[in-house]
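One-based numbering, in listed order, for ligands and for the atoms of each. Every heavy atom of this structure was used, including side-chain atoms; hydrogens, water molecules and symmetry mates were not. Quick caveat, the model's predicted, so the values are computed rather than measured.
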Amino acid sequence: MSYVERVLDELKRKNSNEPEFIQAVTEVLESIKPVLDKNPQYEAAALLERIVEPERQIWFRVPWVDDNGKVQVNRGFRIQFNSAIGPYKGGLRFAPNVYSGIIKFLGFEQIFKNSLTGLPIGGGKGGADFDPSGKSDAEIMRFCQSFMTELYRHIGPETDVPAGDLGVGAREIGYLFGQYKRLRNAYEGVLTGKGLPYGGLNGRTEATGYGIVFFAREMLAHFGEKLAGKEVVVSGFGNVAWGTVRKLNELGAKVVTISGPDGYIYDPDGVTAGEKEDFMLELRSSGKNICAPYADKFKGAKFFPGEKPWGVKADLYIPCATQNEITMKEAELMVKNGCKFLCEGSNMPTTNDAMAYLADNGVVIGPSKAANAGGVACSCIEMGQNAGHTVFSPEQVYAQLETIMVGIHDNAAAASEEYGLGYNLVAGANIAGFKKIAEAMMAQGIC
Ligand code: GLU
């Protein structure tokens, strides 16, 4: 049995109730086998066994009172996964399906994503099984304050710096920051994704989406193709999808779909810049988590209830919703429609078997941990801005973001080439991300 198989066996035994975590780890470990073969000292130092075990896992009670005076209790999490290259860094997700397996998969992915940015940030993730949809503003505030009342003792600008993720945007970050400041009596950059008046970074809101499009542009350029004139299927309609649509429009591509948990929108005229783009923000802030109203508002657009957009023919597919929305069924549809490029916007949107099937059928895949790293990269720039008591201009941020995304693409491509895998960005990103973590961990001894 190989080293990787042995570690995966043990992982499955210990975490059998966390399929998403097992999926994420399997995907990474299988593709770094060539690095492990070259470096037998890693096995001797039990490096993989240590990498798959979070340094610390915090589970806590989040009690709060709803608008009817009823006491509600949710479960909060912070998984401090790996601090080899910097303080734990990663978002908070508030969604009803959140449990340890989701937070652990996200935290594990974050280790390699953050490493790929080239910046000094470790990997972590957190959240709660709290459903923000339909909650009043006051309920959201009370929930965030209660959540932070426990979390504050575990985090800090040099220890662990949370940010947003699904269900956690600028409003939630504001309430969390306010409560942290009260409890600690310290004004410090402990959260990123903050509002501009209190330490937030110009450009952070659109950073993830813009970064995804820069990454897709580099993938296409490798094959001598351009984004201009391309038809693009996008899923989701939240912050990541919005930034993606904006940049795609700017670069002359045409976005023909967006989607929500209620179904998808097909807009043959394109989700164009201006009113349509802005309507995505309205959909988000409505708090209803549905995209159907887009078809009522814009003539020519059609709503497909309960369906996903993967059967729509396009040149490029960019999932921006949530994990595992592309399974074998969707992958088969995409291949049938002649899909050439898949650039993953959301974290782990593709199941491992669907990913293998797409790759076998010649689809070029930009993996999420590389393609969506622009968000957390800009979060690290926000940490630097706060630590330096300064403010960066949007131009400074956009320029850095673009350089970072091109760098991630080129490093992943180079790592794949180095190990004789051709242009395989999935393996290349895992290898490049892993190498830096492995070297840092080896240098720091058994810890
Ligand atoms: N939640 C985002 C991600 O998946 C951003 C994390 C951050 O900015 O810390 O990368």
What do the steps show when you test Gln179 against Arg182 for side chain to side chain donor-acceptor pair (under 3.5 Å), and what is the final call? CA-CA 5 Å; Gln179 185 72 353; Arg182 269 171 96 188; 3.1 Å; yes
For a salt bridge (Lys or Arg N to Asp or Glu O under 4.0 Å) check, start with the C-alpha distance between Lys104 and Glu18, then their side-chain angles and the critical distance, and finish with the verdict. CA-CA 8 Å; Lys104 277 168 75 176; Glu18 298 175 335; 2.8 Å; yes
Looking at Phe237, I'd like to know if the NZ or CZ of Arg284 sits under 6.0 Å from its six-membered ring centre while staying within 45 degrees of the ring's axis. yes
Measure from NZ or CZ of Lys125 to the centre of the six-membered ring of Phe108, then state whether that distance is under 6.0 Å and the direction lies within 45° of the axis. no
Could you tell me whether Lys194 and Glu382 have a side-chain N and a carboxylate O separated by less than 4.0 Å? yes
CD (Gln444) with more than 12 external heavy atoms under 6.0 Å: yes
Give a table of atom pairs where an N or O of ligand 1 lies under 3.5 Å from a protein N or O.
{"unit_1": "ligand 1", "atom_1": "1 (N)", "unit_2": "Lys125", "atom_2": "NZ", "d": "3.3"}
{"unit_1": "ligand 1", "atom_1": "1 (N)", "unit_2": "Gly164", "atom_2": "O", "d": "2.9"}
{"unit_1": "ligand 1", "atom_1": "1 (N)", "unit_2": "Asp165", "atom_2": "OD1", "d": "2.8"}
{"unit_1": "ligand 1", "atom_1": "4 (O)", "unit_2": "Lys113", "atom_2": "NZ", "d": "3.0"}
{"unit_1": "ligand 1", "atom_1": "4 (O)", "unit_2": "Lys125", "atom_2": "NZ", "d": "3.1"}
{"unit_1": "ligand 1", "atom_1": "4 (O)", "unit_2": "Asn347", "atom_2": "ND2", "d": "3.1"}
{"unit_1": "ligand 1", "atom_1": "8 (O)", "unit_2": "Arg204", "atom_2": "NH2", "d": "3.0"}
{"unit_1": "ligand 1", "atom_1": "8 (O)", "unit_2": "Ser379", "atom_2": "OG", "d": "2.5"}
{"unit_1": "ligand 1", "atom_1": "9 (O)", "unit_2": "Lys89", "atom_2": "NZ", "d": "2.7"}
{"unit_1": "ligand 1", "atom_1": "10 (O)", "unit_2": "Gln110", "atom_2": "NE2", "d": "3.2"}
{"unit_1": "ligand 1", "atom_1": "10 (O)", "unit_2": "Lys113", "atom_2": "NZ", "d": "2.8"}

